[in-house]
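First comes the structure, then the notes that go with it.
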Amino acid sequence: MDGKVHERVIKLSCHSRNYGPGTPDEIFSFIRKLGFEYIDVDSVGTIKQDDVLEAPDKLAQFTKELADKHQLKLAEFFMGGVLVDGQGIGPSVPDPQLRERMLANFNSICRFAGQAGFRSIMGSAGSLQQELGFDGSFEYTAQTLERMVSIAAEHGVAFHVEPSRTSLLNTPSMALKMAQSVQGLKYTLDFLHFQINGVDQEETMQLLAHTGHMHARQAAVGWPKCPFEHGEIDYDRIVKRLRGLRWDGIIAMEFWNGPEQEAEGMCPVEQTIVMRYHLKGLIKKYY
């Protein structure tokens, strides 16, 4: 021991999808020039999931070398559904054979992520399957997520899902129930998904104890991805609660323009930098 007290501290990352298309080298280079230490890597436009499935070892080496070149640390592989024959499959898929194929592909993705040096993978939280009903969908999803947590752990990475307004876990109470049902499951938590529906922030904050990774951007009731100055998410309360939990995960800046934001003249780089500045001040305040 060196006699020093090592404080747990929040780290900040940047999502690779924030600033539009580009080669992986261009994207990593730009995020490093913005001054980030960590990067969340998108599986659609940056390191493509279908390429990973075709050659996981090759893509792991490529991604590791890319991160080393630009002096970035790999935070989370942003995946969503697992591709099977080009279709994204979530954990609630009711077809047993399709589920097994999905889990086999997920194992290859975890192999890639572990070798590349990612801390975690973010997957789908599942969706309502009409033929199973809500309770059946929930139970089936829980069983699948438990297997996915175990597969990821075998490769030395954490497995997270993102509770969202369009997923099976579309309320904090449902997400809390799932976290209590699946040992080892953690969340990639984005307050936006609940804020836009007017959910009291205190309800969402109950999920912080089950959170392994976070996304940061502003939102207001009925207004997703609003400009920072109009946002209603109270990050001061969030960081204060995280300090109480002795949380030392990573918060990723996640802001990319859709057609509405483009039409409003919003700049993803500005939104990223102002959010990072705000969070750095709060981390200094509470940590």
Parallel, tilted or perpendicular: ring planes of Phe106 versus Phe159, cut at 30 and 60 degrees: perpendicular

Aromatic ring pairing Phe77/Phe112, orientation class (parallel under 30°, perpendicular over 60°, tilted between): perpendicular

For a 4.5 angstrom cut-off between non-hydrogen side-chain atoms, does [X] reach [Y]?
X      : Y      : value
Met214 : Leu242 : yes
Phe255 : Gln218 : no
Pro227 : Gln271 : yes
Tyr19  : Leu34  : yes
Phe28  : Thr46  : yes
Glu139 : Asp135 : no
His155 : Asn107 : yes
Ile31  : Ile27  : yes

Counting heavy atoms not belonging to [X], are there more than 12 under 6.0 Å from its [atom1]?
X      : atom1 : value
Glu203 : CD    : yes
Gln97  : CD    : no
Lys48  : NZ    : no
Glu154 : CD    : yes
Glu229 : CD    : yes
Glu54  : CD    : no

Audit row: Asp57, Arg111, salt bridge (Lys or Arg N to Asp or Glu O under 4.0 Å) steps and yes/no: CA-CA 8 Å; Asp57 298 337; Arg111 175 175 159 186; 2.4 Å; yes

Between [Y] and [X], is there a side-chain donor-acceptor contact under 3.5 Å, judged purely by atom types and distance?
X      : Y      : answer
Thr188 : Glu76  : yes
His193 : Asn170 : no
Gln206 : Glu202 : no
Asp25  : His70  : yes

Is a side-chain donor or acceptor of [X] paired with a backbone partner of [Y] at a separation under 3.5 angstrom?
X      : Y      : answer
Arg243 : Tyr286 : yes
Arg32  : Phe36  : yes
Tyr235 : Ala216 : no
Ser92  : Ser127 : yes
Tyr287 : Asp248 : no
Ser43  : Phe78  : yes
Gln49  : Gly81  : yes
Asp42  : Val44  : yes
Thr211 : Leu207 : yes
Glu232 : Val221 : yes

Audit row: Val82, Arg101, side-chain contact (heavy atoms from CB on, under 4.5 Å) steps and yes/no: CA-CA 10 Å; Val82 178; Arg101 293 180 65 198; over 6 Å; no

Mind listing the closest non-hydrogen atom pair of [X] and [Y] along with its distance?
X      : Y      : result
Met266 : Lys225 : CE-O, 3.4 Å
Cys110 : Ile151 : SG-CG2, 4.2 Å
Leu83  : Gly88  : CD2-N, 3.8 Å
Asp40  : Ala75  : OD1-CB, 3.2 Å
Pro94  : Gln129 : CD-OE1, 3.4 Å
Gly90  : Ser124 : CA-OG, 4.0 Å

Working for side-chain contact (heavy atoms from CB on, under 4.5 Å), residues Ile233 and Gln201: CA-CA 7 Å; Ile233 301 172; Gln201 182 170 313; 3.9 Å; yes

Given the rule that I, L, V, M, F, W and Y join up when any side-chain heavy atoms are under 4.5 Å apart, are [X] and [Y] in one cluster?
X      : Y      : value
Leu189 : Leu168 : yes
Val93  : Leu132 : no
Val9   : Leu12  : yes
Leu72  : Ile250 : no
Leu103 : Val157 : yes

Verdict with supporting geometry, Arg147 and Gln143, side-chain contact (heavy atoms from CB on, under 4.5 Å): CA-CA 7 Å; Arg147 292 180 64 183; Gln143 293 172 2; over 6 Å; no

Spatial distance of atom OG1 (Thr171) from atom CZ (Arg165) [nearest 0.5 Å]: 14.5 Å

Distance, nearest 0.5 Å, that separates NE2 of His213 from OG of Ser120: 5.5 Å

CA sep, side-chain torsions, deciding dist, call: Met178, Tyr187, side-chain contact (heavy atoms from CB on, under 4.5 Å): CA-CA 10 Å; Met178 184 65 78; Tyr187 290 130; 3.4 Å; yes

Quiz item: cation-pi between Arg99 and Tyr140, 6.0 Å / 45°: yes

Charged tip of Lys177 within 45° of Phe138 ring normal and under 6.0 Å: yes

Salt bridge (Lys or Arg N to Asp or Glu O under 4.0 Å) assessment of Asp236 paired with Lys240: CA-CA 6 Å; Asp236 189 294; Lys240 183 178 181 180; over 6 Å; no

All pairs passing side-chain hydrogen bond (donor to acceptor under 3.5 Å, both in side chains) where residues 249-266 contributes a residue, at least two apart: His215-Glu254, Arg217-Glu254, Asn257-Glu262

